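On a predicted model such as this, the values are computed, not experimentally measured, just so you know. These values consider heavy atoms only, across backbone and side chains, with no hydrogens, waters or symmetry-generated copies.
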Amino acid sequence: MRGRSAGTLALIVASALAWAWPARCGAQSPSVPEPPPTLGQSPAAPPAAGQPAAELPSTVSPAIQRFLKQTGRDRLPARTPSPDRPAPAAMAPTAEPRPSIPPPNTVPRIARGVSSPVPAESPAGLRTGRAQEGRGVPRSSQPGTPGTRSPDIEGPRTPRRSSPLAVYPNVRPAPLEPTDLRFPINLATALRLADARPLIVAAAQASVWVAEADLTQARLLFVPMLNVAADYLRHDGGGPDFNKGIMTAPSVNFFYAGVGLWGFINSSDALFQPLVARQNLNARHWDVQASKNDAVLQTAEAYFRLHQYRGMYAGTLYCVEQGHVLIEKLAAMSRDLIPEFEVERARNFVADLEQRAVLARQQWRVNSANLTQLLRLDPRAVVAPLEPDHLQITLIEPGRTLDDLMPIAMTNRPEIASRRAMVEAATAAIRREKMRPVLPGIALNGYQSPGGMLIQAGIFGLGPNSSLSQWTGREDVSVQLVWQLENLGFGNLAMIKRQRGEQSRATVALFRAQDMVAADVMRAHARLQSAAVRVIQADRAMRTGIINLNGNYEGLGETSRFANVLHTISRPQEAVYSLQLLNRSFDEYFTTVAEYNIAQFDLYHALGYPAQDIAVRMPVGEVPPIELRRPRFLPPVGHGPPPATR
């Protein structure tokens, strides 16, 4: 009896060991990890797609790695040690130099060589292992080098045995349909177009034209009106003779033609209204800068949403291909190992993946329309960004503190400067109303003022009845200084009170803008740091998802015997679930990378750095020429606001 129990126990232990350590498939060759390259040495070429590697490379940019290392978020939470196992000794943290902080009125250091660390054979692929090198970044510091791990991610660790499941996926570029009108563009070109083409910029520039006209008109308040006129008068019947005090009955007519200067010049308006108009013009200029900053942010968001959904489309298509491979594997297996409904389960999930691929392509085209609408390009085009979809751009280091960023935003934001200008305009308006009763008005016209003759110099003809027999030159000039009290002075007090209310309203708008800017910085900072952390998490999920899928697919081809029952190492539902996890990891990865890039531009916008710096002065890359013509059914795009028709 004991012998039978021992034999059964040995059989159970052997089956458990076979389940825990399955044999490597004979079709899979063992891999040997390559030694890490030294500083200044070029990394070796990676294995081709479908070949195993020591470990799938990280796709995290160096800027995110530095941030995670500085904040200590690169390590998983420590597990509580068991009572029978001593806790490992704590490692002393290494001191990192604090990043330099530019002064408030300077532009942040722009990583002109944006890292695109995922091995890519094409803009949407993850195939080859050589990372795209960024300008200004040493080749040895590029993430994603095969056979190496970035020391900034998890710190010192023991050498890891190569995984035979770390096989490079063959993710092909997201294809275009034959009916699609491809429109290639890169980020630098999109940002350059965002500096002038969006309609919000044109509308703000038109407001500047209006403010300039108001300023010109305010500067000319002291200039009187020039009149060119002719006057004819005929009188029949009696009339008084005031010299003799009698009634006369002559008929008389006269003619007067000439020119004259006429007007009532309010000295208070002439002195202070230009100051008010100047501040209004300054506010409109700041609004133009704010509109350009908004346009760049909107362009960046639309552009990276394009990358997000194009990458999701490519990843979903890859999962669809792997799903068909799974269906073929399951259909070819014996029904004694798996039932028929497992094949239908896989077909059902692949059909769902195909729907997701269609939706991802739809969102790609929708966001393409959003970008072409914003930049006023051909709306029929499907925008195809030239960069890879895993592009990670760092304009501002994620590790910067709020105490460093808030003063920069309060100094640079054009919205705050615009509101300050409006407060100054309201202050000048108060001074204008206070000085209105003190400064005299100047009335300038001709004879018989007020409401009399508008002609000051010209030819005068006079004669009895219907004759004009007497002609001579005539000149009539009347200049008056007038002090006025509106409604006995109470109206002036009301106007002063009104302008004080306008100043209070402008001050409230300034405070609201300052609170908005502070909240914008806080929101953008939170999004940026969260996205930076989630990028490495999504990268880890994508790499482990690939290994998980490869392991489950390999396990379907290996069997294990438990007692007299033969079964596969991996069950079909586990393979389907691993494919589902991989598809989710692709979606989350491209979504997180897009959110990181958008958060970078959001923080750049929140700090108030001029859009021209990143669009024109220091572009993030080359600006190749593109086709800007639009269909005939749309109006052409010019420079600045459209001209008036009349």
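Under the salt bridge (Lys or Arg N to Asp or Glu O under 4.0 Å) criterion, the residue pairs touching residues 408-418 are R413-E415, R413-D520, with sequence neighbours excluded. Among residue pairs with one or both ends in residues 500-518, those qualifying as salt bridge (Lys or Arg N to Asp or Glu O under 4.0 Å) are E502-R505; sequence neighbours excluded. The salt bridge (Lys or Arg N to Asp or Glu O under 4.0 Å) pairs that include a residue from residues 203-212 number zero, where partners must be two or more places apart or lie in different chains.
With sequence neighbours excluded, the residues that form a side chain to side chain contact (heavy atoms under 4.5 Å, CB included) with V438 are M435. Not counting sequence neighbours, the partners of P274 by the side chain to side chain contact (heavy atoms under 4.5 Å, CB included) test are A218, R219.
Two rings, from H605 and F601, have their centers 6.0 Å or more apart.
The closest donor-acceptor contact from the side chain of E433 to the backbone of N492 lies at 3.5 Å or more, if one exists at all. Within the 3.5 Å criterion, the main-chain N or O of A526 finds no donor-acceptor partner in the side chain of S530. At distances below 3.5 Å, not a single donor-acceptor pair connects side-chain atoms of Q503 with backbone N or O atoms of I430.
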Anything under 3.5 Å between a donor and an acceptor, one on a side chain of residues 190-203, the other on a protein residue two or more places apart or in another chain? List them.
| residue | atom | partner | partner atom | Å |
| --- | --- | --- | --- | --- |
| R192 | NE | A615 | O | 2.8 |
| R197 | NE | L375 | O | 2.8 |
| R197 | NH2 | R376 | O | 2.7 |

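Remark: R534 is not positioned above the aromatic ring of Y596, lacking an NZ or CZ atom under 6.0 angstrom from the ring centre and at most 45 degrees off the axis. For R474 and F460, the positive end sits near the middle of the six-membered ring, less than 6.0 Å away and at most 45° from its axis.
Side-chain atoms of D404 and T401 form a donor-acceptor pair, as typed in the model, at a separation below 3.5 Å. Counted by atom type alone, N412 and Y609 present zero donor-acceptor pairs between their side chains at under 3.5 Å.
With salt bridges taken as basic N to acidic carboxylate O contacts below 4.0 Å, one links E397 and R66.
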